[in-house]
Amino acid sequence: MKIKVKVSRFDPDKSPERYFSEYELEVSEGMTVLDGLIWLKENADPTISFRYSCRMGVCGSCAMMINSYPHLACHTQILEITKSVLVLEPLCNHANVRDLICDFSAFFEKHRTIKPHLLREDAEKLDLTGEISQTPQELESYLQFSYCIKCGICVAACPTCATDKEYLGPQALAQAYRYTQDSRDAGGDKRIEAAAEGHGIHHCHYAGACSEACPKGVDPAFAIQLFRKQMVLRSLGLKETRPPAGEMPPMTLNPKPNIPKPPEPTIK
Ligand code: FES
C-alpha cells in the first residue's frame, strides 16, 4: 500500500519559516514510522533530519508528533495510525532546532532541578560496594515511576506546558516523587521545596494528558497527585519522616565453591 508522508521541515540557517515536504512511501505490515523515515532518508531525501538510537522504545530519542499526537516513532506502526496520509512534526512544547529535532536543554535543566538521584547525609560513610536494603513493597511503591525514558512526550502532551514555558512539567515532577518515595533516599524536603516554588507542582491542572500519552505507562499525573498528597501531609506534620534505609550486612561467599569438573574430552 502506498501512502503520502508529510514531513515538517525547518532549517534556521536558511529560513525562519517552516514548511512541509511530501513523499510517497510503500508501507508494509509492521512497518514503523521510524522504518519509514529511514527508508525516505536513504531512498528519497537524505536531508530529512530526525533523531533515533535504540529502535526499541528504550532511549526515548525518536519522539515526535505523528498525525498531531506525540508518539515514539520506533514504537508506532504506520498502518495502526493511517492508511492514507502520515504527518510528521517535531514535538510540541520543545524548541525545534531542525526538521523533526528538538533541543532538550530546558527539559533536562528542569529534570536536574528536582535532584534526580538519591540524597542522604551519610552517603560518604556508606560502603559503596555494599547494598542498601529495600523490601519488595518499598520497591513497588515507586517502580512504575522509574520507567521514565525522558522522551519528552508527556511534556508535548501537557496543556500547562503549552501555555507556561516555565512550568516544571510532568516529567520532572513525576521523577521528584519517584526519588522522594525511594526508601533509600532522604532528600524529600529539598525536592518538595524545588517542586513547590515558582511554576512548580501547583500549576498542574490534572488534565491527565501526560499519562495518556506516556509510551512507558509511567502515569506522571498519578505521581504528581501522590507527591502533592505527600507535600500536604508533611506540611501538616502528619507524614512520618523515616531515616533512609541502611546497608545490608556483607554477603559471605563460599571461598571454595564446589564446582564439578568438566568431563574429559573424548577426542584428543
Ligand atoms: Fe530509541 Fe525510539 S529509537 S526510543
Side-chain angles (χ1 to χ4, degrees), residues 1-107 148-163 165 169-171 207-218 220:
M1 176 187 289
K2 277 205 166 97
I3 63 157
K4 190 198 279 184
V5 183
K6 293 172 75 176
V7 180
S8 172
R9 309 301 303 271
F10 176 54
D11 183 350
D13 295 335
K14 291 189 182 151
S15 161
E17 301 297 323
R18 277 192 188 85
Y19 63 96
F20 279 97
S21 293
E22 292 190 12
Y23 308 93
E24 216 176 47
L25 179 68
E26 180 75 42
V27 183
S28 53
E29 193 75 39
M31 187 183 214
T32 65
V33 173
L34 183 62
D35 293 336
L37 270 171
I38 292 171
W39 189 92
L40 288 174
K41 190 168 175 79
E42 289 176 352
N43 299 283
D45 183 351
T47 67
I48 308 173
S49 302
F50 52 96
R51 289 195 314 152
Y52 71 98
S53 179
C54 70
R55 299 188 185 197
M56 52 194 288
V58 173
C59 72
S61 56
C62 67
M64 61 184 70
M65 304 302 290
I66 300 175
N67 283 14
S68 304
Y69 196 78
H71 291 286
L72 292 177
C74 70
H75 209 243
T76 307
Q77 293 189 17
I78 296 174
L79 293 177
E80 283 181 359
I81 297 278
T82 182
K83 292 190 172 41
S84 54
V85 184
L86 185 68
V87 183
L88 305 179
E89 295 168 280
L91 278 182
C92 293
N93 308 335
H94 296 266
N96 184 207
V97 287
R98 184 83 179 253
D99 296 351
L100 302 173
I101 300 175
C102 292
D103 178 2
F104 267 51
S105 316
F107 175 87
C148 173
I149 56 171
K150 298 156 199 75
C151 59
I153 281 181
C154 56
V155 169
C158 171
T160 309
C161 292
T163 52
K165 298 286 167 229
Q171 191 276 338
C210 53
S211 298
E212 207 173 303
C214 176
K216 306 303 283 187
V218 170

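Here the shortest heavy-atom pairing between G57 and L72 reads CA-CD1, 3.9 Å. Minimum heavy-atom separation, P70 to A213: CG-CB, 4.3 Å. Residues M31 and G36 come closest through the heavy atom pair CE-CA, 4.0 Å. Contact record, C161 with G169: SG-CA, 4.0 Å, taken as the closest heavy-atom pair. The heavy-atom pair separating A209 from A157 by the smallest distance is CB-O, 3.3 Å. Residues C154 and C210 approach most closely at CB-CB, 3.6 Å, considering heavy atoms.
Distance CG/L37 to CD1/I78: 8.0 Å, rounded to 0.5 Å. Of the inter-residue distances, the one linking I149 atom CD1 with C54 atom SG reads 7.0 Å to the nearest 0.5 angstrom. Distance CE/M56 to CG/L34: 13.0 Å, rounded to 0.5 Å. To the nearest 0.5 angstrom, Q77 atom CD is 9.5 Å from S28 atom OG. Interatomic distance, S8 OG to M65 CE, rounded to the nearest 0.5 Å: 11.0 Å.
Ring geometry, F107 versus H94: the interplanar angle falls from 30° to 60°, so the pair is classed tilted.
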Can I get a per-line list of side-chain donor-acceptor pairs under 3.5 Å for residues 80-91, giving both atom names and the distance, sequence neighbours left out?
{"residue": "T82", "atom": "OG1", "partner": "S84", "partner atom": "N", "Å": "3.0"}
{"residue": "T82", "atom": "OG1", "partner": "V85", "partner atom": "N", "Å": "3.2"}
{"residue": "T82", "atom": "OG1", "partner": "V85", "partner atom": "O", "Å": "3.1"}
{"residue": "K83", "atom": "NZ", "partner": "L79", "partner atom": "O", "Å": "3.3"}

- Does the pair D45 and V7 meet the rule for a side chain to side chain contact (heavy atoms under 4.5 Å, CB included), with working shown? CA-CA 11 Å; D45 183 351; V7 180; over 6 Å; no
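I38 is listed as a side-chain neighbour of F50, based on a closest heavy-atom distance under 4.5 Å. The shortest side-chain heavy-atom distance between C214 and I153 does not fall under the 4.5 Å cut-off. Annotation: side chain of Y52 is not in contact with side chain of M64 (no heavy-atom distance under 4.5 Å). You'll find the side chain of D11 stays beyond 4.5 Å of the side chain of T47, heavy atoms only.
Judged by distance alone, the side chain of K41 and the main-chain N or O of P46 form a donor-acceptor pair under 3.5 Å. Judged by distance alone, with hydrogens and angles left aside, the side-chain atoms of D103 form no donor-acceptor pair with the main-chain N or O of V97 at under 3.5 Å.
Summarising the local packing, NZ of K165 is surrounded by more than 12 heavy atoms from other residues, nucleotides or ligands at distances under 6.0 Å.
Evaluation of the salt bridge (charged side-chain N to carboxylate O under 4.0 Å, His left out) rule for D99 yields R9 as partners, not counting sequence neighbours. Residues passing the side chain to side chain contact (heavy atoms under 4.5 Å, CB included) test with T163, sequence neighbours excluded: none.
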